[in-house]
Structure formats: C-alpha cells, structure tokens
Amino acid sequence: MTTAIVRAVCPHDCPDTCALLVTVTDGVATEVKGDPAHPTTAGVLCNKVSRYAERTYHPDRLLYPMRRIGKKGEGRFERISWEQALSAIGERLGAIAERDPQAILPYSYAGTMGLVQGEAMAMRFFHRLGASNLERTICASAGGAGYEYTVGAKIGADTEQVQDAKLIIIWGGNPIASNLHLWARVQEAKRRGAKLIAIDPYRSLTAEKCHRHIALLPGTDAALALGVMHVLIAEDLLDHDYIQRHTIGFEQLKARALDWPPERVAAVCGIGAGEVLQLGREYGATVASGEPSLIRLNYGLQRVRGGGMAVRNIACLPALTGAWRHAAGGAQLSLSGAFPVDKAVLRRPDLRPNRQSRSINMSTIGDDLLRPADAQFGPRIEALIVYNANPVAVAPDSAKVAQGFAREDLFTVVLEHFRTDTADYADILLPATTQLEHVDVHSAYGHYYMMANNAAIAPLGEAKPNTEIFRLLADRMGFGDACFEDSDQDIAAQAFNRKDPRAAAFDWDSLKQSGWQKLALPAAPFAAGGFPTPSGKCEFFSARMQADGHDPLPAYIAPYESAASNPALAARYPLAMISPPARNFLNSSFVNVQSLRDTEGAPKLDLHPADAAARGIASGDTVRVFNDRGSLLVTARVSAKSRPGLVVGWSIWWKKFAADGKNVNEVTSQNLTDMGNAPTFYDVLVEVVLDRKASPQP
C-alpha cells in the first residue's frame, strides 16, 4: 500500500480559496483536509469542501460522453465514444461557423476559479473560432465597477490583519456561511474588544453574533452610506489631513452628503433615524481614537438596480476617516485586483478574426436565446457550449431560460461532472474532471496568495480536463496555432506576469511544490495614498463615471421593484424578496451531494410573523411565491429574522430536487444594474399565499 499527500486548492467561487492536502492511497483520494500551515486556511475547511472526495467519487458522476435521445430537458442520454462526440460537435460548429461564427456562444462562469481549467484553453478556442463574446457579469461586476471607480482596483485590507481592527462593519454579507476564514479573524477581533455591526435586511447567522444589526430595506444601502457621510461631515468626524492629501472632490461630496440627513435616510431605508446617527458616530469615533475600522462589503448589496453606486458610496467612507492608514482598516470587497494575472497570454484575444464581435450578457440569456436574428442583435444563437456553469438553475427569469434551452434548433454542448438542470438540455454531454483530477493555478479574492493545484488522482472513467476537451475541439476545427499545443503545466507557468513586482518571484515549479506563495504587497495598501485611479487619489468625484454617463458623485438609485419606486407593482406584490445562498450549497454546486441536501431539507422561504399571520401561514406550510414572471412552491419558515415586508428564499436549488421542479429564479428578473451590467437578483417583489392542497390541514 502506498500513501501520498498531494497539495491542492479549493476551486469554488468563495473568497477563502483554501489550501488543501489530499491523502491518496493506492491511487484513491481517501481524505481532503485543510492545510494547517496556510495562514488563512489554518487547517479548517467548510462542511462542503471537507466532503470533496464524496463529490469526486459520487455514484452519479458523469464518466463517459453522452448523446441526447429524449426531448430536451428530459435528461435521457445514451453513451457514445469520444470520437463520436468530437465528430458531432466539430461538424455542427463548423457548419455554423461557415455561415457566421457569432451564432456560436460560450457560456461559463465560476464552476472552477482556476486560471487553467476556468478560462485559458477555452477562451483561446472561442477567440480563434470568432464566436460571440460572453459578458460574465452574473456575480460581481456591479460592485467591482463601483469600487474601481472610487479606489481604482479591487484591492483592500489584508484578511490576515482583520483581528487587529477595533470596529468591523459587515455590510451585505454572511461570512459565517460564505467567508468562514475571515469570520474566524472577526471573532478573534471581537475577543480582543472589537465592536461588530452587521448591515443586512435579514438577521443572518452572522448578524446574530454581532453587537448590532441594522435591518434596512433591500436596495437602500447607498442611502445609508450617504447618511453616514452626512454624520461624519456635519459632526466633523473626519481625517482632514488624509482627505486633503489623498482624495479628490471632497467639497462636491460634502454638498451632496449634507442633503442626506438621518431623517431622510431613515425614511428611505425603513429604519430609525437614531440608527443612522449612531452608525455614523461609531464609525467616525475611530478618527479621534486612532483605532482601525474595517468595512467588509459583500456582493449581496450590489444585486439591485443601484448596486454599483451602493458599493461606490461605501468605498468612499474609509478615506473620510483615514481608515486606510491602518493595516487592519479600510475596506475589503475583493482582493482579486492585486494579482498580476496575464490575461492576454492566457486568453489570446489576438487570435480573434473578427475583432468587433458582438457581446451577449450572461444575465440576459433567457431573452437572448429567444431572440430572432436582426440587424441590431445579429445572428440568432444556433449553438451554445456550456462549461463551469449551470444557467438553467442559476440565471434569472428562469422560465425564459428553460424555454430558450428547449429550442430543438439550438445545438447545446455541456461539459459537466453531473447531470445538472442544464445538462438535461444538452445534445452532447461531455464528462469533465474535478479538481482532484487535473492541474490548475489560482489567484484569490479573499486573500493575497497565489495557489497551485496538483492532480491527486487519475481522471475517473473517460473524464477529461476542460483544457484537453478544447484542445481536441481545436484540432477538429483545424486550428494549427501553437498555443493549442500548450500543456496544462505550460499554461500554469504563463498565468502570472513575472515582470510585475508583485509576482516577481513567481515560479510555477516552486509554487506547485509549496502549494502557495504570498504576493509582495504593503501591509496597508493605501496608507500613503497611491490609489490606482487616474488622479492617484480616492475619487469622491469621478470624471470617469461622468464620461461613462453616471453621476460622478455618490448618489442613491432606487430599486426597480419597491413600494417607494413602484407603488402600483407593490400593490399587487407587496413583499420584497432576496435569495441568498443556502449554507450547505455554494451557488448551485453541492446540491446533488445527498448528505448536504439532507442537511438543508426542502427549499424554504423565511417570512416575518406579521406577514405570515396576515396570510394565514404557519411554519411548515407549503406556500406559493409568485409575481408576473412565474411562481414556485416552497416550505414556509416563520421567523423574526426576516424584517416585516421581506421574504428570504434560500438558493440555489437544482430544479429537479424541488417538488414542483422550480427554484427562486422563477421570479427574479433580467433587469441589469446601474453599472457593470450585472443581474438584480435581490430587486424583486412577490406575493406569497398558502397552498392549501400541499399544506397540512388543521
């Protein structure tokens, strides 16, 4: 018997990007553990990834190429050979490309965050083919745009410093469920005397463990940030030296903020004026005390119409108080902008024959699959290649998404580990390897470590890495470019720009041995200014925003769907709905792992006791959630954790595991955010009624 420990990385869409140690005995992965030496992982994994071997060896793993034999959506397939699969795909794509390659669309996102398996060879293939571009916006692009307009790049406080903060505001996130290793450091800060404040419409597990919770209405975070600015300015709780040296546009900001007194903010946010005043004073008190304050923003608050502006407004706050002076201060949204990823080398956009190819937004795929060809849209989408994504479950306005995928004239290829909701619509289904079966290299967005993933085991069955699948397809299409000969090891070595001083010491051969290596960065990135904006300063006034058609100053943009912005709609659908991820799932990953699904139980909807009583609903009842876009059945859970007027639909269930074959995206919309062209999953009005047929009778 031979046993080895292999260094690997969690590939999932989570800020923690954990370092893994995989125990392999006689070629079988027997245990997946966190690396105790990695400073952020510290030997701890979430309950999902700790069961990664269970996922890899799951009895439902796709292990062979398959061809559809039933109707689209039925999930009926027959096994075929790789030769048959590649021939069918090559012939169909070749015929479409001869007419117009822009009728072919890739669809992918963060099924793996790896730079090798996530994008490199696939992007080379689609660029060389001349396919339509996909705008990959479904998670973070709104907040990323707002943050970058303000501070210049997605850079912020180092997670390893968080325990030294004295005030921590967790704004729009639930790190107990989605950022476990940051939460461990927040808890250490609390033990050292830090005050914790949660800002979230729902009293999450995280909010319960904070000293205070501000339960504002969904989509009103930008107004609350303006209220905090008002208090800071009106009561002179400012770091004037930092403002003078390292910001631009303060006088314009001052005039704007003074129009947002606590009373106005309270009316918009559905909270008390005293809450606004107290938050501003507590945040501003750190100026006089000289203690670090940290704002941890997350992406929940940006999934509304004004989500980009909301993040921008919050990103202004640390510069007003000089919180950036401290290693444990400032803000953290994403740290991905610190990594010098060589995207041009990985993706090779220079291969594209049609440099002005159209772009299609992944968040509007429902409408776009149903569009006919026209002069503005271009050719109808005739072929769709899906990898690292499950759009039939995840994309908004789900009924339209399923209708588009059901088109018999749409040729659909899906690369997958399992028969997801999307895989059920495939014409050709290809088995992809999991993280334990291939090589990859990773950046992160919750810490500053470059990470290496070594293949721990041989591919199961006939599964192949994404890279190999696209190499084979490139060969079928006759693409002789040298870049398609690059091995996965070659691509990993190309991933980071060695000319950049942040990664000057990067060497793939040493990284895959050590497993991780920290970027060379200062402890406090903006202590002395140096913001990567056009002005070199934190931009309260942004000329770039003005040039791009946005308000150049912090502002409030009301939701599409709320009682205040659309009273006629609210009269029919009076409840706001948000749909955060269930704790035991990660987006739509892990839903098919029986032990995790058993822990979650059935799809649930939380609603406030007052809203439940008005509708005759009790915990355990089956209720119907609906609006003009669609409806779904879920189990009610009556709880004061949900503020009045708000329901929380936990996501993202595969439809096939729901009693009625539907999930929360039946009622979400394809409306896009103010900037970043992102979806508005949390900008939704619904009504909820008791389903008497399915509910227990008294």
Side-chain angles (χ1 to χ4, degrees), residues 142-143 146-147 156-157 162 165 167-179 182-183 186 189-190 194-232 260 262 264-286 293-304 306-318 320-321 323 329-333 554 556-557 559 562 576 578 580 641-646 648 682-683:
Y147 194 84
V162 167
L167 173 67
I168 300 175
I169 300 174
I170 298 171
W171 202 321
N174 182 17
I176 287 180
S178 60
N179 197 179
L182 177 125
W183 178 248
V186 170
K190 185 180 182 182
K195 180 178 289 185
L196 310 184
I197 300 171
I199 301 173
D200 193 319
Y202 179 76
R203 191 168 180 80
S204 67
L205 293 170
T206 299
E208 287 181 330
K209 291 176 171 55
C210 291
H211 295 98
R212 268 196 320 117
H213 171 217
I214 300 173
L216 75 178
L217 288 166
T220 63
D221 302 84
L224 181 56
L226 284 163
V228 173
M229 293 180 201
H230 178 101
V231 175
L232 295 176
W260 284 90
R264 181 185 179 187
V265 173
V268 170
C269 297
I271 58 178
E275 292 182 275
V276 182
L277 192 62
Q278 184 180 3
L279 177 63
R281 287 173 174 170
E282 286 177 328
Y283 188 66
T286 58
S293 62
L294 174 69
I295 301 174
R296 170 62 171 123
L297 303 85
N298 214 330
Y299 290 113
L301 68 94
Q302 55 110 67
R303 294 189 173 119
V304 295
M309 186 65 80
V311 171
R312 164 166 167 66
N313 291 6
I314 298 165
C316 290
L317 298 177
L320 289 171
T321 63
Q332 186 192 100
L333 174 71
Y556 170 63
I557 300 170
S562 71
I578 60 174
K641 293 181 180 181
S642 183
R643 61 162 289 154
L646 174 76
V648 181
Y682 296 179
D683 193 333

Should [X] and [Y] count as side-chain neighbours, where that means a heavy-atom distance under 4.5 Å?
X	Y	value
N313	M229	yes
R296	V162	no
L224	L279	yes
I295	Y283	yes
N174	P580	no
L301	I314	yes

Are the charged groups of E275 and R212 less than 4.0 angstrom apart, N to O?
no

When you measure from the side chain of [X] to the backbone of [Y], do you find a donor-acceptor pair of N or O atoms at a distance under 3.5 Å?
X	Y	result
S293	L167	no
Q332	G156	no
H211	I197	no
H230	P262	no

Using 0.5 Å steps for rounding, measure from the [atom1] atom of [X] to the [atom2] atom of [Y].
X	Y	atom1	atom2	value
T206	N179	OG1	CG	9.0 Å
I169	C210	CD1	SG	10.5 Å
T220	L226	OG1	CG	11.0 Å
W171	L333	CH2	CG	13.0 Å
Y202	H213	OH	NE2	10.0 Å

Which atoms form the tightest heavy-atom contact between [X] and [Y], and what is the distance?
X	Y	value
P175	I170	CD-CG2, 3.7 Å
R643	C269	NH1-O, 3.7 Å
W183	K209	CZ2-CB, 3.9 Å
A157	L294	CB-CD1, 3.5 Å
V228	G280	CG1-CA, 4.1 Å
A266	A273	CB-N, 3.5 Å

Decide if atom NZ of K195 counts as having more than 12 heavy atoms of other residues, nucleotides or ligands within a radius under 6.0 Å.
no

Return the set of residues passing side chain to side chain contact (heavy atoms under 4.5 Å, CB included) with P559 (not counting sequence neighbours), or none when no residue passes.
Y556, S562, D683

